[in-house]
Amino acid sequence: MDKNMQQYLDKAQVLIEALPYIQRFNRKIIVVKYGGSAMVDEELKKQVIEDVTLLKLVGFKPIIVHGGGKEISRWVGKVGMEPQFINGLRVTDEETMEVAEMVLGKVNKSLVQMVEELGVHAIGISGKDGGLLKVEKKLSNGEDIGFVGEVRQVNTDIIYDLLEKDFLPIICPVGLDEHYNTYNINADDAACAIARAVKAEKLAFLTDIEGVYKDPSDPSTLISELRVREARKLMAEGYIEGGMLPKLQNCIDAIENGVSRVHILDGRIAHCLLLEIFTNKGIGTAILHGEESRYYHGE
Ligand SMILES: Nc1ncnc2c1ncn2[C@@H]1O[C@H](COP(=O)(O)OP(=O)(O)O)[C@@H](O)[C@H]1O
Ligand SMILES: CC(=O)N[C@@H](CCC(=O)OP(=O)(O)O)C(=O)O
């Protein structure tokens with residue numbers, strides 16, 4: 001067989017291998033939390049958007065919930081303020097809230113634009129639209145950190161309507177409280193609340209690190225399968241810091257509340273989403289409820 005023919009056959013084989021996964025996830029909701037840390041490289045950003053668009057085109061129902069923490073910090077710095085975080089959450093005064101909402105709105109529409117360019121219709125909304133995310137003030141260990149919201153209610157109607165009309169929803173983490181004040185929501189919190197509310201088949205957090213390390217200073221301690229009780233232990237013992245704290249808390253929350261599969265993936269790896277969904281490579285960290293394996297039965 002000539003070399004060209006072999007290459008075509010290899011490509012066909014890849015598609016055939018994807019078949020059981022396409023069947024498994026057909027019409028299923030997959031929430032992709034796309035973090036600001038994994039948005040800094042334009043080429044990678046394009047690949048993430050291509051992956052999500054492909055998921056949509058093969059019959060899944062992806063929803064993107066995005067962050068933009070790095071970009072917000074850059075703009076907060078530009079207006080002469082110092083970004084401040086407590087336990088991975090941004091201390092958000094009125095001025096910071098204004099900057100955050102502007103930046104998140106811009107990120108939102110840039111993602112919409114990229115999906116549209118690929119020929120799929122996306123609708124970008126914030127948690128304010130259609131009463132999507134109703135919040136209460138969130139405290140950090142009892143401390144007031146400003147306009148930081150905890151999601152109390154998700155209006156799933158708007159999400160289902162968009163999915164039914166075949167739009168790809170792209171959601172930014174800003175919400176309203178009962179008095180219609182604007183709140184900044186950690187994007188991991190928003191993604192988890194949405195995944196729970198729609199009972200997503202999968203929630204994937206795309207970030208800028210391989211996954212969860214037992215010891216963040218030693219990459220050989222990457223954990224492939226992390227059980228809820230181990231995750232709690234790691235947090236209690238202080239192995240989890242910064243932005244990984246809300247992420248892991250949300251992973252636990254999601255897996256304990258009806259989301260079937262929860263993963264932390266390295267958004268710096270080209271096409272990490274496709275690799276995770278369509279192959280048995282086992283990249284990143286899978287958060288598991290009990291003793292089950294991250295690999296589907298029979299694989
Ligand atoms: N034990 C740990 N394992 C992996 N990452 C950790 C750990 N502890 C802290 N981190 C930090 O968490 C960061 C990911 O959180 P964050 O920067 O908020 O990402 P995102 O913007 O994608 O939400 C990593 O870049 C890493 O520096
Ligand atoms: C309250 C809070 O921390 N809000 C986050 C919202 C954006 C976000 O979460 O972005 P990443 O996913 O890129 O970290 C912030 O202001 O940075």
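Atoms within each ligand, like the ligands themselves, are counted from 1 in listed order. Worth saying up front: this structure is predicted, and the values here are computed from it rather than measured. These numbers come from the heavy atoms of this one structure, side chains and all, not from hydrogens, waters or symmetry mates.
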Cation over ring face, Lys137 and Tyr183, 6.0 Å, 45°: no
Show me which atoms of ligand 2 lie under 4.0 Å from any heavy atom of [X].
| X | answer |
| --- | --- |
| Leu89 | 3 (O) |
| Lys33 | 11 (P), 12 (O) |
| Gly35 | 12 (O), 13 (O) |
| Gly67 | 8 (C), 10 (O), 11 (P), 12 (O), 13 (O) |
| Ala187 | 8 (C), 9 (O), 12 (O) |

Protein heavy atom at shortest distance from atom 4 (N) of ligand 2: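 For atom 4 (N) of ligand 2, the nearest protein heavy atom comes out as Asn184 OD1, 3.1 Å.
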Flag for Asp166-His121: side-chain donor and acceptor within less than 3.5 Å: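 Checked: His121/Asp166 side chains show no N/O donor-acceptor pair below 3.5 Å.
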Check: Asp51/Gln47 side-chain N/O donor and acceptor closer than 3.5 Å: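 The answer is no; no qualifying pair exists.
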Phe25 and Phe60 aromatic ring geometry - parallel, tilted or perpendicular at 30°/60° bounds: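 Phe60 vs Phe25 ring planes: tilted.
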For Glu256, the option from Arg227, Arg229, Arg232 that meets salt bridge (charged side-chain N to carboxylate O under 4.0 Å, His left out):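 When salt bridge (charged side-chain N to carboxylate O under 4.0 Å, His left out) is applied between Glu256 and each of Arg227, Arg229, Arg232, only Arg232 qualifies.
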Min N/O separation Gly68 to ligand 2 under 3.5 Å: yes
Geometric N/O contact Thr92 with ligand 2, under 3.5 angstrom: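 Not met; the criterion fails.
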Within 6.0 Å of CD in Glu71, more than 12 heavy atoms from elsewhere: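 More than 12 within 6.0 Å, yes.
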Below 3.5 Å only, please: the N or O atoms of ligand 1 paired with protein N or O atoms, distance on each line.
from: ligand 1; atom 1: 1 (N); to: Tyr213; atom 2: O; distance (Å): 3.0
from: ligand 1; atom 1: 1 (N); to: Tyr239; atom 2: O; distance (Å): 2.9
from: ligand 1; atom 1: 3 (N); to: Tyr213; atom 2: N; distance (Å): 3.0
from: ligand 1; atom 1: 8 (N); to: Glu241; atom 2: N; distance (Å): 3.1
from: ligand 1; atom 1: 12 (O); to: Met244; atom 2: N; distance (Å): 3.4
from: ligand 1; atom 1: 17 (O); to: Ser37; atom 2: OG; distance (Å): 3.1
from: ligand 1; atom 1: 19 (O); to: Ser37; atom 2: OG; distance (Å): 3.3
from: ligand 1; atom 1: 19 (O); to: Thr207; atom 2: OG1; distance (Å): 3.1
from: ligand 1; atom 1: 21 (O); to: Ser37; atom 2: N; distance (Å): 3.3
from: ligand 1; atom 1: 21 (O); to: Ser37; atom 2: OG; distance (Å): 2.7
from: ligand 1; atom 1: 22 (O); to: Thr207; atom 2: OG1; distance (Å): 2.8
from: ligand 1; atom 1: 23 (O); to: Lys33; atom 2: NZ; distance (Å): 3.0
from: ligand 1; atom 1: 23 (O); to: Lys247; atom 2: NZ; distance (Å): 2.6
from: ligand 1; atom 1: 25 (O); to: Asp208; atom 2: OD1; distance (Å): 2.8

Heavy-atom closest pair, residues Ala190 and Pro173: CB-CB, 4.0 Å
Taking every non-hydrogen atom, the tightest pair across Leu275 and Ile283: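 Heavy atoms of Leu275 and Ile283 come nearest at CB-CD1, 4.0 Å.
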